[in-house]
Amino acid sequence: MHSHKNHPFHLVDISPWPLMGALSAMITMIGIIKWFHMYNNSLFLLGSMLTMLIMYQWWRDIAREGTFQGLHTYPVTMGLRWGMILFITSEVFFFISFFWSFFHSSLSPTIELSMIWPPKGIESFNPMQIPLLNTLILLTSGLTVTWAHHSLMENNFNQTTQSLMLTVILGIYFSILQGYEYMEASFTISDAIYGSTFFMATGFHGIHVIIGTTFLLICLIRHLSNHFSSIHHFGFEAAAWYWHFVDVVWLFLYISIYWWGS
């Protein structure tokens with residue numbers, strides 16, 4: 001009696017994951033507070049593991065709905081597209097706040113900073129070394145993810161696999177170099193407003209690169225499992241959009257913080 005519906009939309013089945021996801025996020029947050037105050041990260045690690053388990057199962061269910069059950073009709077995928085567009089828009093404003101903070105402080109350095117930028121005693125990175133290499137890595141990864149998209153639309157399974165694998169490798173390589181750069185840094189997040197703005201902006205970008213790399217790795221696994229076709233692959237498209245966003249943010253970071261700001 002309830003199987004018939006007079007609309008093209010997919011109304012999700014009752015799922016435990018939103019509630020459990022919220023609880024695991026709360027445990028993770030309390031764990032971070034406990035870590036800061038009591039120098040014990042056990043609750044944070046438990047919360048993180050629970051969050052990852054729930055993420056895996058929730059996304060597994062969505063992949064099943066869109067792939068095997070055929071519930072992602074055209075109106076549903078349009079809703080998903082708008083959701084992703086609005087999410088990326090919110091991320092743009094998230095990064096604008098960091099750039100705003102950086103330019104506010106660098107264009108008119110206060111007397112506490114000796115009215116110079118970078119502040120006295122801060123040895124900034126050479127923009128022609130690791131930052132330039134990282135820029136080339138991300139630009140190349142933008143090319144390989146576009147190659148993967150075109151290969152997928154042309155039903156070229158092998159080229160999609162190769163280009164997607166290349167993109168994931170480049171993403172991991174970027175993260176390793178960023179970590180090495182942080183280890184070599186002569187200043188910390190607590191070194192004046194320069195350290196704060198530098199590590200907040202580049203650190204959050206680094207987290208976004210790790211998320212984007214994971215997103216593309218899941219797409220590679222799904223592609224190898226034949227989840228995508230030339231006309232039905234929004235999961236991959238969303239990952240590609242996100243990756244291009246990460247690329248563009250890095251270009252702004254490189255030009256403003258590494259090159260101009262140094």
Side-chain angles (χ1 to χ4, degrees), residues 41 48 88 91-107 109 113-114 116-149 162-220 239-262:
N41 63 4
S48 300
I88 290 172
E91 292 278 273
V92 168
F93 282 94
F94 176 74
F95 276 100
I96 282 172
S97 66
F98 297 131
F99 283 108
W100 189 300
S101 174
F102 171 78
F103 283 114
H104 173 82
S105 306
S106 60
L107 289 170
L113 303 177
S114 306
I116 55 168
W117 191 268
K120 195 170 175 61
I122 296 273
E123 192 183 327
S124 58
F125 289 103
N126 184 343
M128 293 296 126
Q129 291 177 349
I130 289 177
L132 181 61
L133 177 57
N134 265 346
T135 304
L136 293 172
I137 289 165
L138 273 192
L139 288 174
T140 308
S141 72
L143 288 173
T144 55
V145 82
T146 306
W147 170 25
H149 193 189
Q162 289 162 12
S163 49
L164 207 43
M165 210 174 279
L166 256 176
T167 312
V168 171
I169 290 165
L170 287 166
I172 293 166
Y173 186 27
F174 176 94
S175 297
I176 291 167
L177 283 173
Q178 189 80 12
Y180 175 73
E181 186 183 64
Y182 279 8
M183 280 163 35
E184 293 293 303
S186 62
F187 56 93
T188 68
I189 196 167
S190 58
D191 281 324
I193 188 68
Y194 184 90
S196 301
T197 51
F198 177 87
F199 281 106
M200 283 296 281
T202 59
F204 268 111
H205 177 267
I207 290 166
H208 281 72
V209 170
I210 292 165
I211 293 166
T213 306
T214 310
F215 203 168
L216 289 164
L217 180 62
I218 300 299
C219 287
L220 176 61
W241 290 356
Y242 189 82
W243 196 249
H244 288 309
F245 157 74
V246 166
D247 272 5
V248 172
V249 170
W250 175 259
L251 285 175
F252 279 102
L253 278 174
Y254 177 73
I255 291 164
S256 58
I257 294 178
Y258 282 102
W259 183 58
W260 179 85
S262 68

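When reading the values below, keep in mind they use all heavy atoms of this one structure, side chains included, and skip hydrogens, waters and symmetry mates. Along the sequence shown, residues carry numbers from 1.
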Side-chain donor or acceptor of Tyr258 paired with backbone N/O of Leu132 under 3.5 Å: no
Spacing of CD belonging to Gln162 relative to CE belonging to Met165, to within rounding of 0.5 Å: 8.0 Å
CH2/Trp100: more than 12 non-hydrogen atoms of other groups inside 6.0 Å: no
Phe95 ring center near Trp250 ring center (under 6.0 Å): no
Ser163 side chain vs Val145 backbone, donor-acceptor pair below 3.5 Å: no
Verdict with reasoning, Leu133 to Tyr173, per side chain to side chain contact (heavy atoms under 4.5 Å, CB included): CA-CA 10 Å; Leu133 177 57; Tyr173 186 27; 4.0 Å; yes
Side chain to side chain contact (heavy atoms under 4.5 Å, CB included) assessment of Thr197 paired with Phe99: CA-CA 8 Å; Thr197 51; Phe99 283 108; over 6 Å; no
Pro127 versus Tyr254, closest heavy-atom pair with distance: O-OH, 2.8 Å
Under 3.5 Å donor-acceptor, Thr135 side chain and Pro131 backbone: yes
Side chain to side chain contact (heavy atoms under 4.5 Å, CB included) evaluation trace for Phe125 with Ile130: CA-CA 9 Å; Phe125 289 103; Ile130 289 177; over 6 Å; no
Less than 3.5 Å apart, which donor and acceptor atoms pair up between the side chains of residues 201-217 and the rest of the protein, not counting sequence neighbours?
from	atom 1	to	atom 2	distance (Å)
Thr202	OG1	Tyr182	OH	2.7
Thr202	OG1	Phe198	O	2.6
His205	NE2	Val246	O	3.0
His208	ND1	Phe204	O	2.6
His208	NE2	Glu91	OE1	2.3
Thr213	OG1	Val209	O	2.7
Thr214	OG1	Ile210	O	2.7

Ser190: side chain to side chain donor-acceptor pair (under 3.5 Å) partners, not counting sequence neighbours: Thr188
His104/Ile193 under side chain to side chain contact (heavy atoms under 4.5 Å, CB included): CA gap, chis, key distance, verdict: CA-CA 10 Å; His104 173 82; Ile193 188 68; over 6 Å; no
Exceeds 12 heavy-atom contacts within 6.0 angstrom, atom CZ of Phe94: yes
Within 6.0 Å of CH2 in Trp241, more than 12 heavy atoms from elsewhere: yes
Parallel, tilted or perpendicular: rings of Tyr242 and Phe245 (30°, 60°): tilted
